[in-house]
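Reading through the structure tokens given below for one structure.
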Amino acid sequence: MKPRVRFAPSPTGPLHIGGVRTALYNYLFAKKNGGTMILRIEDTDQQRFVPGAEAYIIEAFQWLGIEFDEGVHVGGKFGPYKQSERKHIYKQYVDLLIEKGNAYFAFDTAEELEKKRKEAESEKRNFQYDVHTRHQMCNSLTLSPEEVEQKISSGAPYVIRFKHQEDQEIEVNDLIRGKVTIHSGLLDDKVLFKSDGMPTYHLANIVDDHLMEITHVIRGEEWLPSAPLHVELYRAFGWQAPQFAHLPLLLKPEGNGKLSKRDGDRLGFPVFPLRWEDPQTSEISSGYRESGYLPEAVVNMLALLGWNPGTTQEIMTMNELIQLFSIEKISKSGAKFDLEKAKWFNHQYLQLMPTDELAKQFLPILSDHNIQISTEKVIKVVEMVKDRIYFANELWDHSSYFFTRPDHYDEQVIKKRWKEDTAVRLSEIKSLLNDLKPFDKTIAHDKTMEYIQTHELNTGQIMNCLRLSIVGAAKGPDLFDIIDFLGISEVSKRIDIAIQNIHI
RNA sequence: GGUCCCAUCGUCUAGUGGUUAGGACGCUGGCCUCUCACGCCGGAAACCGGGGUUCAAGUCCCCGUGGGACUACCA
């Protein structure tokens, strides 16, 4: 049977990078096995709904290259794929559970429950609505059928809770962790159906997964504690449960705990794929896309955070990831996000990118600096400097001297290299270069070296000063490549300007 | 507090009873070189602790310890 997997976010804000990884693993698993990838929107919490979140999620996956076979945005024969549009479906299933005696009505108000919790807390106990306490509460287990009937028909608010078995060992078979066992008496009678007429996640996800014929539930480890409830729900319905795989969490880079929204901008890296502006507060959260990351790099980095193919290969395309992926190789423990490694991945992908494509990204930056230049020349420059950049937006810093004269000269270099006779030497080299007709960079190099040798000068000292006057700093590709690019007349001017302005 | 999960270099990890405990990021020494970067060669750096099981334990078991998640009419 071909697997059917789903990624099921709730539209409460931008998609967290941990969620992206969960979706990625689902996708890799589906594609590897010729299965189906589904996007389902879990919007059963009407309070937390955030406009724009759904569109954001879809756009993020488009950017990342994670494609869905079925879902809110693409349709499919198991729709609708948005839980708020499936509202009518859930009621009949929860009724079925009540009929079977696996669920019951509960009329306790939020205040009463809160009071119980407070009481328990003051006695250092824990209040839980479960096997042990449900007989002291106000529900269809303690009330007579007539009272229940009367309350419901009078419109009293109620919820429907799952009735756990009293004395059973419940087993969850997890593909990553193996067998997880818990005693049913320890589980609380979770609300399945809220008083607003909406199901909770627990009910909706089981009903939908069943109806959508989901074969594998691959989700974050934060769901592990409620997995026993889910297997109990499948049992109660008499349905075959899907296979479960609970993914290790993505942790903060420093210290401990789950990577959260706040960590990113505090520590200087994005926690979201795309930039997000909160519609209520206008608060901005940075995104990988806007920070200059390539989607391939983000995917590659995320794939390796909690999984690896067991080889030493690190750079992998989506297709390679798909071929190599297996759930067995997912690690059990949480992975700390590593910003340095993320940058390294981006650097790798930037080097792999065709130069003309990278040059194309440079064009708008150049026009921001009022530089008018042919695309061919930009490609030449990018070719020369690309190996030292980690992000496309660093291109200007590493190549501005190709387009504009240096506006200052590195003090450190002046201090270390500029001597009393430097101005004279540079003038002589300048005229030597000007005598070359036509100009040839190899000959220029040889002539310059010859000059240095015959005058018994220090190569490093002269060359760095020459570079300083042309580039403004001790950086960049081969100096004669730069001279060749700029042309001898521009270079001569730069040498003159440097001689005039640099004093020791 | 309760329940569950987890534990190899600083970080991501390989390792499925016998290894000089491997790789990558980062750090670092050198080479290349006019400089920066790339590249190449090298280095420092880890099995949480204690008990078992076994001829042999990073690897299996137990107990600690540490970390994490969950503990809502949120997902």
Side-chain angles (χ1 to χ4, degrees), chain A residues 8-12 42-45 47-48 106 108-110 113-114 117 120-121 124-129 157-161 172 174 176-177 180-183 186-188 190-196 198-202 204-205 219-228 246 248-249 251 253-258 301 304-315 329 331-345 347 351 385-389 398 410 413 417 445 448-449 452 458-468 471 473-480:
Chain A
S10 56
T12 54
E42 308 223 325
D43 58 346
T44 52
D45 187 349
Q47 262 81 55
R48 293 209 310 161
D108 319 87
T109 64
L113 291 172
E114 187 54 29
R117 273 189 265 271
E121 201 180 316
K124 295 236 174 201
R125 280 187 304 111
N126 199 35
F127 173 76
Q128 193 171 266
Y129 210 120
Y158 65 88
V159 300
I160 296 169
R161 286 179 182 272
V172 178
D174 188 274
I176 296 170
R177 284 148 224 287
V180 177
T181 309
I182 188 168
H183 192 267
L186 263 14
L187 265 14
D188 66 327
K190 279 269 184 294
V191 171
L192 262 20
F193 214 78
K194 302 184 267 188
S195 56
D196 66 359
M198 283 292 243
T200 60
Y201 167 84
H202 302 295
N205 112 85
R219 72 227 301 190
E221 193 188 323
E222 69 269 27
W223 292 108
L224 195 51
S226 52
H246 289 94
L249 264 15
L251 273 18
E254 39 99 79
N256 313 302
K258 186 155 81 154
M301 171 214 41
L304 255 19
L305 231 40
W307 171 86
N308 84 86
T311 64
T312 57
Q313 187 182 2
E314 301 239 36
I315 301 299
K329 291 213 157 289
S331 38
K332 292 186 175 81
S333 48
K336 284 186 185 170
F337 179 88
D338 184 351
L339 178 60
E340 292 306 321
K341 190 115 185 200
K343 287 181 182 168
W344 177 80
F345 272 112
H347 178 249
Q351 305 315 311
V385 302
K386 69 183 232 183
D387 63 3
R388 60 212 82 200
I389 60 160
H398 286 276
D410 190 314
V413 181
R417 308 285 198 179
H445 169 267
T448 307
M449 288 307 162
I452 291 169
N458 178 312
T459 311
Q461 190 252 320
I462 292 298
M463 286 300 290
N464 274 293
C465 289
L466 186 56
R467 176 179 289 278
L468 184 72
V471 172
K475 66 172 189 187
D478 186 283
L479 187 53
F480 294 96

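Remember, predicted model here, so these are calculated numbers, not experimental data. Naming convention: chains lettered A, B, ... in sequence-line order (proteins, then strands); numbering from 1 in each chain.
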For Lys332(A), look at atom NZ and say whether over 12 heavy atoms of other residues, nucleotides or ligands are found less than 6.0 Å away.
no

If we take the C1' atom in both C60(B) and A24(B), what is their distance in whole Å?
30 Å

Under 4.0 angstrom, heavy atoms only, what part of the nucleic acid is Asp108(A) near: base, sugar-phosphate, or nothing?
base

Could you work out the separation of G50(B) and A7(B) based on their C1' atoms and round it to a whole Å?
16 Å

Donor-acceptor list for residues 221-228 of chain A side chains, cut-off 3.5 Å, not counting sequence neighbours:
{"residue": "Ser226(A)", "atom": "OG", "partner": "Trp223(A)", "partner atom": "O", "Å": "3.2"}

C9(B) and A45(B), which share atom name P, separated by this distance in whole Å:
14 Å

Provide the distance between the two P atoms, one in G29(B) and one in C38(B), to the nearest whole Å.
14 Å

Expected rows: protein N/O vs nucleotides 13-24 of chain B N/O, under 3.5 Å:
{"residue": "U13(B)", "atom": "OP1", "partner": "Gly306(A)", "partner atom": "N", "Å": "2.9"}
{"residue": "U13(B)", "atom": "OP1", "partner": "Ser331(A)", "partner atom": "OG", "Å": "3.2"}
{"residue": "U13(B)", "atom": "O3'", "partner": "Asn308(A)", "partner atom": "ND2", "Å": "2.7"}
{"residue": "U13(B)", "atom": "O2'", "partner": "Asn308(A)", "partner atom": "ND2", "Å": "3.1"}
{"residue": "A14(B)", "atom": "OP1", "partner": "Asn308(A)", "partner atom": "ND2", "Å": "3.3"}
{"residue": "G15(B)", "atom": "OP1", "partner": "Lys329(A)", "partner atom": "NZ", "Å": "3.4"}
{"residue": "A24(B)", "atom": "O4'", "partner": "Glu314(A)", "partner atom": "OE2", "Å": "2.7"}
{"residue": "A24(B)", "atom": "O2'", "partner": "Glu314(A)", "partner atom": "OE2", "Å": "2.7"}
{"residue": "A24(B)", "atom": "O2'", "partner": "Lys341(A)", "partner atom": "NZ", "Å": "3.0"}
{"residue": "A24(B)", "atom": "N3", "partner": "Lys341(A)", "partner atom": "NZ", "Å": "3.2"}

Once you apply the 3.5 Å cut-off to both distances, tell me the Watson-Crick or G-U wobble partner of C70(B), or none.
G2(B)

Polar atoms only, N or O, under 3.5 Å: list the protein pairs with nucleotides 69-72 of chain B and their distances.
{"residue": "A69(B)", "atom": "OP1", "partner": "Lys258(A)", "partner atom": "N", "Å": "3.2"}
{"residue": "C70(B)", "atom": "OP1", "partner": "Lys258(A)", "partner atom": "NZ", "Å": "3.2"}

Quick one: is Lys194(A) getting a side-chain N or O under 4.0 Å of the C74(B) phosphate, OP1 or OP2?
yes

Answer for the Watson-Crick or wobble partner of C40(B), both distances under 3.5 Å, is G30(B)

Tell me, with the steps shown, if Asn205(A) and Arg219(A) meet side-chain contact (heavy atoms from CB on, under 4.5 Å).
CA-CA 12 Å; Asn205(A) 112 85; Arg219(A) 72 227 301 190; 4.0 Å; yes

With rounding to whole Å, what would you report as the distance between G30(B) and A21(B) at their P atoms?
29 Å

Between Thr44(A) and Asp478(A), just flag the one whose closest nucleotide in RNA chain B comes earlier from the 5' side.
Asp478(A)

Just name whichever nucleotide pairs with A7(B), Watson-Crick or G-U, keeping both distances under 3.5 Å, else none.
U65(B)

Quick one: list whatever passes side-chain hydrogen bond (donor to acceptor under 3.5 Å, both in side chains) with His398(A), sequence neighbours left out.
none

Does the side chain of Gln351(A) come within less than 4.5 Å of Asp387(A)'s, by heavy atoms?
yes

Return the pairing partner of U53(B) with a 3.5 Å limit on both distances, Watson-Crick or G-U wobble; otherwise return none.
none

C1' spacing across the pair C48(B) / C31(B), given as an integer number of angstrom:
40 Å

Determine the interatomic distance between P on G67(B) and the same-named atom on U8(B); round to the nearest Å.
14 Å

What is the distance from CZ of Phe345(A) to C1' of U11(B), rounded to the nearest Å?
12 Å

Just checking Pro477(A): base, sugar-phosphate only, or nothing, at a heavy-atom cut-off of under 4.0 Å?
base

Ser331(A): side-chain contact (heavy atoms from CB on, under 4.5 Å) partners, not counting sequence neighbours
none

When rounded to whole Å, the CG to C1' distance for the pair Leu466(A) and C36(B) reads 16 Å

Who are the salt bridge (Lys or Arg N to Asp or Glu O under 4.0 Å) partners of Lys341(A), not counting sequence neighbours?
Glu314(A)

Scan Thr311(A) against the nucleic acid and name what it touches under 4.0 Å (heavy atoms): base, sugar-phosphate only, or nothing.
nothing

If I take atom OG1 from residue Thr459(A) and atom CG from residue Leu466(A), how far apart are they, to the nearest 0.5 angstrom?
12.0 Å

Results of side-chain contact (heavy atoms from CB on, under 4.5 Å) for Leu186(A) - residues two or more places apart only
Ile182(A), His183(A)

Spatial distance of atom OG1 (Thr200(A)) from atom CD (Glu42(A)) [nearest 0.5 Å]
10.5 Å

Pair partner, U35(B) [Watson-Crick or wobble, under 3.5 Å]
none

Atom-to-atom span, NE2 of His183(A) to P of G2(B) - whole angstrom:
18 Å

Between U35(B) atom C1' and Phe480(A) atom CZ, what is the distance in whole Å?
13 Å

Residue list, salt bridge (Lys or Arg N to Asp or Glu O under 4.0 Å) with Lys190(A), at least two apart or on another chain:
Asp188(A)

Starting from P on C34(B), measure out to CG on Asn464(A) and report it in whole angstrom.
10 Å

Mind checking the CG-CG spacing from Leu468(A) to Leu479(A)? Nearest 0.5 Å is all I need.
10.5 Å

Report the residues that fulfil salt bridge (Lys or Arg N to Asp or Glu O under 4.0 Å) with Asp410(A), sequence neighbours left out, ordered by chain and then residue number.
none

Nucleotide opposite G17(B) in a Watson-Crick or G-U pair, distances under 3.5 Å:
none

Show each protein N/O and nucleotides 43-49 of chain B N/O combination with a separation under 3.5 Å, one pair to a line.
none

What distance, rounded to whole Å, do you find between the two C1' atoms, one in C27(B) and one in G18(B)?
34 Å

Tell me the interatomic distance from Leu339(A), atom CG, to C27(B), atom C1', rounded to whole angstroms.
16 Å

Atom pairs, N/O to N/O, protein against nucleotides 37-42 of chain B, distance under 3.5 Å?
{"residue": "A37(B)", "atom": "O2'", "partner": "Asp387(A)", "partner atom": "O", "Å": "2.9"}
{"residue": "A37(B)", "atom": "N3", "partner": "Asp387(A)", "partner atom": "OD2", "Å": "3.1"}

Starting from P on C36(B), measure out to CE on Met463(A) and report it in whole angstrom.
13 Å

Under 4.0 angstrom, heavy atoms only, what part of the nucleic acid is Asp174(A) near: base, sugar-phosphate, or nothing?
nothing

Between Gln313(A) (side chain only) and Ile315(A) (backbone N and O only), is there a donor and an acceptor less than 3.5 Å apart?
yes

Whole-Å distance separating the CD1 atom of Ile176(A) from the C1' atom of G68(B)
16 Å

Should the side chain of Arg467(A) and the base of C34(B) be counted as holding a donor-acceptor pair, with the cut-off at 3.5 Å?
yes

For Glu121(A), give me all partners under side-chain hydrogen bond (donor to acceptor under 3.5 Å, both in side chains), at least two apart in sequence or on another chain.
none

Test side-chain contact (heavy atoms from CB on, under 4.5 Å) on Asp45(A) and Tyr201(A); report intermediate values, then the result.
CA-CA 9 Å; Asp45(A) 187 349; Tyr201(A) 167 84; over 6 Å; no

